[in-house]
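Structure first, then comments.
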Amino acid sequence: MKRIVAGVVAHVDAGKTTLSEALLYASGVTRRLGRVDHGDAFLDTNAIERARGITIYTEPAIITDGDLELTLLDTPGHVDFSAETERTLQVLDYAILVVSAVDGIQGHTQTLFRLLGQYEVPTFVFINKSDATGADVERTLAQLRSRFGDGCIDFTPADAEDVGALAAQSFEDIAMQSERAMDAYLETSVVDVELIRELIAARRVFPVYHGAALHMDGVDALLGGFAHYARQPRYPQRFGARVFKISHDAQGRRLSWMKVTGGELKAKMVLPAKDGDADGEKVDEVRSVSGAKSTTTDTAPAGTVCAVSGPERTFPGEGFGIEEDAGDPTLQPVLTYTLLPGDNDVHRCLLALRELEDEEPLLHVVWQERLQEAHVQLMGAVQLEVIEQLMHDRFGLDVGFGEGSILYKETIGAPVEGVGHFEPLRHYAEVHLLLEPLEAGAGLQFASDVSENELDRNWQRLILQHLREREHLGVLVGAPITDMRITIIGGRGHLKHTEGGDFRQATYRALRMGLMESRAGVPTDCTELDVARRFGGDVREDEGDGDGVSTDGAEGVSRRGARIRGVGNCRLLEPWYRFRLELPQESIGRAMSDVQRMSGESEAPRTDGDYAILEGAAPVSAMRDYAMDVHAYSHGRGRLALTFAGYRACHNEAEVVEESGYDPEADLEHTPDSVFCAHGAGYPVKWYKVPQFCHVAMREE
């Protein structure tokens, strides 16, 4: 039995779920053809999916066709749920990319193909809706070859009874993809099936089929071709598994969806322990799931997908055994929303959101203590509506969300050392951190560069744990920090007085103090007089505490309030969209002018018949509502496709910082100040004075 896991992916409305239903019907899994628009699709098991007619969650179905056991994963097509799709790609052996013969290659289609390449997933293509008004299979195939390469080859069999009997032109096109294939073709006028399978597995060849899934046209050819050309991966004997989804069943039990990639997963086994965990979690039950049908099984062999109950700490992307944890999805939310709880208890709402976050980590639920607000990150309006519906249906909570705002991030432009000291009476910890900027998109990296003779290994591990355990905020607008390497370079504990929580406090304060130093752009060994001179102020005693620096300049600081205008070496980052505009040629001048106005960038426009194509990138803040403008000035003939293109330096940093009104020292939950002890009592020390008080010498610049 050849065991393969394949995913069906597509831009929304290309007919992806319809094709999945057709494959189930053709293979005898279902006795009637389910339809999305009728709300009876086998793979749309959720009530919200049936009501909306879209796929929100990845759902499996098991197909048996001859010697093929195919686990088919139907993925979301809407861009708002693309993170779920991307996580599913990580467990696929093959993918079936569905493209509409009417609409051709759309923006999200290109994103999906790029992600399939990133995760090295061999791909079959099905051109759907070939019988619809305006459909053009040849044009769509030409688009595929133009956008994705000459490896997109028509695999429609010349003989319906023989899936391997390809047309002469198809063999010629295959031969062009490798020297070995060309040699075989020149000798025999065909290419051996094993070599074709090899080229498909290596993503050198992408078999293309076409038809109309709703009417079962071309479905048998696709299924037969897939069974003929796809090959089962080789799985090792050592255990391996990857989690791609978390859900909760009707009884509220938490389920971890896994693909087994080595050995076998058995009920009652203990999953391998991860770094930092003393023990692994026990698997209570293993389920084989196909649509709404769930069967309890004793074991899941390599190459299968199963749902596991028992583990409570798993997360999407987690690897076990031979599998490493996956990185963050490429597709990320760019908007953050504030929960409006209405008459509901806000903490009950927060617990409900935490459960949804367990299933979709990119929701990134954050409780802002100083504002008494819950914030979530979302991909767009459709996901927002689904979250509201889930809160109502699952938890009985009618809530709303405020208008979405841009999700900024912060980083630094130069290395800086931060120090945190926490020493109330009978407590003690000091931490020194080196903050260094990394290239864009690198995220946060953590390391230690201190001898165990200076700082015990257990304390070092504890500091690294505290660095990883929560989201750290910047000091410009209070946005999450990124693109930094944070290294332990010094510290001290006390044999009698140090507790674990002491290093947590010292670590948080050290990181925050370093960010404040970076924002000020002030050397860490400067005196108050140096600060005053740097910012054009005079030293004087403030009334009440004798600890002040007066400044008169616009770019000054008040050491009493530490309100620092200007950003020093801190950098504000904003999300950017990669865009593709298809417009009537008479509208291209307006579009290019708009891109320039939005501080974006674009390539030279190209022509495609009566249309012009403009591609480029621009800030999300400028483009988020641009689709309505395009529709207006192109009189409904223009199309705008947007994909997340990462973070770049904010184009209007000063304006955003000023409008945010964020005071980093008023955020007591993320204080940069330290606590020292004298005469049997602890006392606070402002962040800019800590270098004068710290017990471990700072590194020389």
First locate atom [atom1] of [X], then atom [atom2] of [Y], and finally report the distance between them rounded to the nearest 0.5 Å.
X	Y	atom1	atom2	value
S294	L255	OG	CG	8.0 Å
Q177	I196	CD	CD1	11.5 Å
W257	R287	CH2	CZ	8.5 Å
Y209	S130	OH	OG	15.5 Å
E318	F320	CD	CZ	3.5 Å
Q445	L467	CD	CG	13.0 Å

Exercise for review: Go through the steps for I63 and L24 under the test side-chain contact (heavy atoms from CB on, under 4.5 Å), then give the verdict.
Suggested key: CA-CA 7 Å; I63 293 173; L24 292 170; 3.6 Å; yes
Assess whether atom [atom1] of [X] is packed by more than 12 heavy atoms of other residues, nucleotides or ligands within 6.0 Å.
X	atom1	value
E324	CD	no
H392	NE2	no
K2	NZ	yes
D345	CG	yes
Q237	CD	no
Y119	OH	yes
R238	CZ	no

Can a salt bridge be assigned to the pair [X] and [Y] using a cut-off of 4.0 Å between side-chain N and carboxylate O?
X	Y	answer
D192	R197	no
E285	K268	no
D13	K129	no

Looking just at side-chain N and O atoms, do [X] and [Y] make a donor-acceptor pair shorter than 3.5 Å?
X	Y	value
Q377	T336	no
D74	T17	yes
T314	E281	no
T58	T88	yes
T30	E21	no
R204	S178	no
E359	S247	no
Q110	H11	no

Looking at [X] and [Y], what are the two nearest heavy atoms and their distance?
X	Y	result
G211	F126	N-CZ, 3.7 Å
S256	P311	OG-O, 4.2 Å
I174	A181	O-CB, 3.8 Å
P316	I246	CD-CG1, 3.7 Å
S27	L23	OG-O, 2.9 Å
N128	V98	CB-CG1, 3.8 Å

For the residue pair [X] and [Y], establish whether any side-chain heavy-atom pair is separated by less than 4.5 Å.
X	Y	value
V376	L339	no
V305	M258	no
M379	L335	no
D217	H210	no
I62	V29	no
S82	H108	yes
I322	F239	no
V382	F81	yes

Exercise for review: List the steps and the verdict of side-chain contact (heavy atoms from CB on, under 4.5 Å) for T85 and V9.
Suggested key: CA-CA 8 Å; T85 299; V9 299; 4.2 Å; yes
Is the backbone N or O of [Y] less than 3.5 Å from a side-chain atom of [X], with the two atoms forming a donor-acceptor pair by type?
X	Y	value
D249	Q251	yes
E120	L116	no
Q143	I105	yes
T297	T295	no
Q106	D103	no
R394	A352	no
D65	L68	no
R254	H248	no
D93	V5	yes
D325	G319	yes

Check your understanding: Out of R87, K245, Q383, which one pairs with E360 under the side chain to side chain donor-acceptor pair (under 3.5 Å) rule?
Key -> R87
Exercise for review: Given side-chain contact (heavy atoms from CB on, under 4.5 Å), test L97 with F113 step by step and report yes or no.
Suggested key: CA-CA 8 Å; L97 176 65; F113 193 82; 4.0 Å; yes
Check your understanding: With a 6.0 Å cut-off on ring centres, are W367 and H375 close enough?
Key ->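 So the answer is no for these two rings.
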Check your understanding: Do F155 and F124 have their ring centres less than 6.0 Å from each other?
Key ->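 Aromatic pair excluded; centres sit 6.0 Å or further apart.
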Exercise for review: I would like to know whether L340 and V399 meet side-chain contact (heavy atoms from CB on, under 4.5 Å); could you show each step before the answer?
Suggested key: CA-CA 6 Å; L340 304 177; V399 301; over 6 Å; no
Point to revise | Verdict with supporting geometry, E84 and T75, side-chain hydrogen bond (donor to acceptor under 3.5 Å, both in side chains) | key: CA-CA 8 Å; E84 173 108 353; T75 66; over 6 Å; no
Practice item. Anything under 30° is parallel, anything over 60° is perpendicular, the rest tilted; go ahead and classify F226 against Y94. Key: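 Perpendicular.
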Check your understanding: Do the rings of F401 and Y337 sit parallel, tilted or perpendicular, given the 30° and 60° boundaries?
Key -> perpendicular
**Study point:** Trace of the side-chain hydrogen bond (donor to acceptor under 3.5 Å, both in side chains) decision for E69 with T64
**Key:** CA-CA 5 Å; E69 181 183 287; T64 302; 5.3 Å; no
